[in-house]
K.L.:
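Mind having a look at this structure? Questions to follow.
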Amino acid sequence: MEAMRLLERVGIDRAKSRLRSYPHQFSGGMNQRVMIAHALAAKPKLLIADEPTTALDVTTQAQILYLLEELRAETGMALLIVSHDSGVIARPADRAAVMYCGKIVETAPVGELLERAAHPYARALIDCMPTIDPDDLAPPIPIPGSVPLLENLPAGCYFHPRCPRATERCTVSFPDPTNVGPLHEASCYHPVAA
């Protein structure tokens, strides 16, 4: 039975007896595994994992990410991870794209983006993440202001009302992507210096 095989493949113990279980009888990590098995049933060439580790403890997050990497290698499918957590994408992803209000504002290889984010929003996202580095005990820096409502977006760059680098030009038109490094593009008139 294919459902049982898929549940076993994603690490559900006693898969045969679990086929009749309800979602509330599974832990968060087990529910996430069931959703991955459900997606694998279609034998996708691309698996989109939208916030695959939200509300999971750190150990379970690592297990889910390891499972996704394993399945990608095993099946040859492409994997697109949507996440607000840069730690989630740091290991399994080759490239990253940062979006703000539905527009991609920066794309780069993951390591390059995490080390040298050029768009002020991408840089601010990274700066507001807590760290466990004992040499960097400064508190995370919050991003000022609020995300605009999608039905009331500002003219120009959507981030300009919150951006410390914004000028008049930013309020008029949305910048086209420009190269800021090898395979690294940012849509910003005033990118952050490396």
Side-chain angles (χ1 to χ4, degrees), residues 28 32 35 39 44-56 58 61 64-65 68 72 77-133 135-194:
Q32 193 65 290
M35 292 306 299
K45 292 190 186 307
L46 168 66
L47 178 66
I48 300 173
D50 190 355
E51 297 289 358
T53 61
T54 298
L56 300 177
V58 177
Q61 283 183 11
I64 294 297
L65 293 173
L68 289 171
R72 177 178 63 173
M77 69 182 172
L79 178 61
L80 182 119
I81 297 175
V82 179
S83 181
H84 287 89
D85 185 343
S86 60
V88 167
I89 62 159
R91 191 175 98 196
D94 300 319
R95 291 188 55 77
V98 176
M99 293 182 76
Y100 186 76
C101 294
K103 281 214 175 220
I104 293 176
V105 296
E106 186 164 1
T107 61
V110 172
E112 170 79 10
L113 182 80
L114 294 175
E115 290 294 319
R116 289 178 281 288
H119 192 280
Y121 175 65
R123 180 78 263 147
L125 268 182
I126 292 164
D127 288 345
C128 73
M129 295 298 293
T131 178
I132 59 169
D133 181 357
D135 296 328
D136 181 15
L137 297 176
I141 303 163
I143 302 171
S146 304
V147 178
L149 298 173
L150 293 180
E151 65 265 9
N152 192 25
L153 292 170
C157 175
Y158 300 155
F159 189 61
H160 82 77
R162 303 174 73 190
C163 182
R165 303 174 72 80
T167 62
E168 185 67 30
R169 184 178 186 191
C170 304
T171 68
V172 176
S173 64
F174 197 92
D176 290 326
T178 56
N179 286 328
V180 291
L183 304 172
H184 189 168
E185 290 185 334
S187 296
C188 184
Y189 295 121
H190 312 289
V192 178

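Computed from heavy atoms alone, side chains included, the values below leave out hydrogens, waters and symmetry copies. Residue numbers run from 1 in the order of the sequence given.
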K.L.:
At what distance, to the nearest 0.5 angstrom, does OG1 of Thr107 lie from CE of Met99?
P.N.:
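With rounding to 0.5 Å, OG1 (Thr107) is 12.0 Å from CE (Met99).
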K.L.:
Are side-chain heavy atoms of Lys103 and Ser187 found at a separation under 4.5 Å?
P.N.:
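Not in contact.
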K.L.:
Answer yes or no: is there a side-chain heavy-atom contact under 4.5 Å between Val147 and Cys101?
P.N.:
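Yes; the side chains approach each other to less than 4.5 Å.
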K.L.:
Let me know which of Cys157, Cys170, Pro164 forms a side-chain contact (heavy atoms from CB on, under 4.5 Å) with His190.
P.N.:
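Running side-chain contact (heavy atoms from CB on, under 4.5 Å) over Cys157, Cys170, Pro164 with His190 returns exactly one hit, Cys170.
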K.L.:
Rounded at 0.5 Å granularity, tell me how far SG in Cys163 sits from CD1 in Ile143.
P.N.:
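The distance works out to 10.5 Å.
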K.L.:
Will you find, in the side chains of Tyr189 and Thr178, an N or O donor that is under 3.5 Å from an N or O acceptor?
P.N.:
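On atom types as modelled, these side chains do not qualify, holding no pair under 3.5 Å.
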K.L.:
Mind listing the closest non-hydrogen atom pair of Ala118 and Glu106 along with its distance?
P.N.:
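Shortest heavy-atom contact: N-OE2, 2.8 Å.
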K.L.:
Please check if atom CD in Glu51 has more than 12 non-hydrogen atoms from other residues, nucleotides or ligands closer than 6.0 Å.
P.N.:
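Check passes, neighbour count above 12.
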K.L.:
Go through the steps for Ile104 and Val98 under the test side chain to side chain contact (heavy atoms under 4.5 Å, CB included), then give the verdict.
P.N.:
CA-CA 6 Å; Ile104 293 176; Val98 176; over 6 Å; no
K.L.:
Does the pair Leu153 and Phe174 meet the rule for a side chain to side chain contact (heavy atoms under 4.5 Å, CB included), with working shown?
P.N.:
CA-CA 12 Å; Leu153 292 170; Phe174 197 92; over 6 Å; no
K.L.:
For Gly87, is there any backbone N or O sitting under 3.5 Å from a side-chain donor or acceptor partner on Asp85?
P.N.:
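Judged by distance alone, yes, a pair lies under 3.5 Å.
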K.L.:
Tell me whether His160 contacts the main-chain N or O of Arg169 through its side chain, where contact means a donor paired with an acceptor under 3.5 Å.
P.N.:
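No, because the side chain of His160 does not come within donor-acceptor range (under 3.5 Å) of the backbone of Arg169.
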K.L.:
Quick one: does any side-chain atom of Gln61 pair with a main-chain N or O of Leu56 as donor and acceptor, under 3.5 Å?
P.N.:
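Yes: the side chain of Gln61 pairs with the backbone of Leu56.
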K.L.:
Could you work out, with side chain to side chain contact (heavy atoms under 4.5 Å, CB included) as the rule, every residue matching Ala39, not counting sequence neighbours?
P.N.:
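For Ala39, the residues satisfying side chain to side chain contact (heavy atoms under 4.5 Å, CB included) (neighbours in sequence not counted) are Leu47.
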K.L.:
To the nearest 0.5 angstrom, please state how far the OG atom of Ser146 sits from the CZ atom of Arg162.
P.N.:
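Separation between the atoms: 6.5 Å.
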K.L.:
Quick one: does Pro191's side chain get under 4.5 Å of His119's, heavy atoms only?
P.N.:
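They are not in contact (no side-chain heavy atoms under 4.5 Å apart), so the answer is no.
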K.L.:
Roughly how far apart are Cys128 SG and His84 NE2, rounded to 0.5 Å?
P.N.:
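Between Cys128 SG and His84 NE2, I get 10.5 Å after rounding to 0.5 Å.
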K.L.:
With a 4.5 Å heavy-atom cut-off, do Pro154 and Thr171 have their side chains touching?
P.N.:
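A side-chain contact under 4.5 Å is absent here.
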K.L.:
Let me see the working for Glu112 and His184 under side chain to side chain contact (heavy atoms under 4.5 Å, CB included), right down to the final yes or no.
P.N.:
CA-CA 8 Å; Glu112 170 79 10; His184 189 168; 3.0 Å; yes
K.L.:
What is the distance from atom OG1 of Thr53 to atom CD1 of Ile81, rounded to the nearest 0.5 Å?
P.N.:
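Rounded to the nearest 0.5 Å, the OG1-CD1 separation comes out at 8.5 Å.
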K.L.:
Do Leu125 and Ser86 come within less than 4.5 Å of each other through their side chains, counting heavy atoms only?
P.N.:
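Contact flag for Leu125/Ser86 side chains = no.
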K.L.:
Could you walk me through whether Arg116 and Arg123 pass side chain to side chain contact (heavy atoms under 4.5 Å, CB included), step by step?
P.N.:
CA-CA 8 Å; Arg116 289 178 281 288; Arg123 180 78 263 147; 5.8 Å; no
K.L.:
To the nearest 0.5 Å, tell me how far Leu46 CG sits from Ile48 CD1.
P.N.:
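Result: 4.5 Å between the selected atoms.
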K.L.:
Once you measure the plane-to-plane angle for Phe159 and Tyr100, does it fall in the parallel (<30°), tilted (30-60°) or perpendicular (>60°) bin?
P.N.:
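Judged by the thresholds at 30° and 60°, the geometry between Phe159 and Tyr100 is perpendicular.
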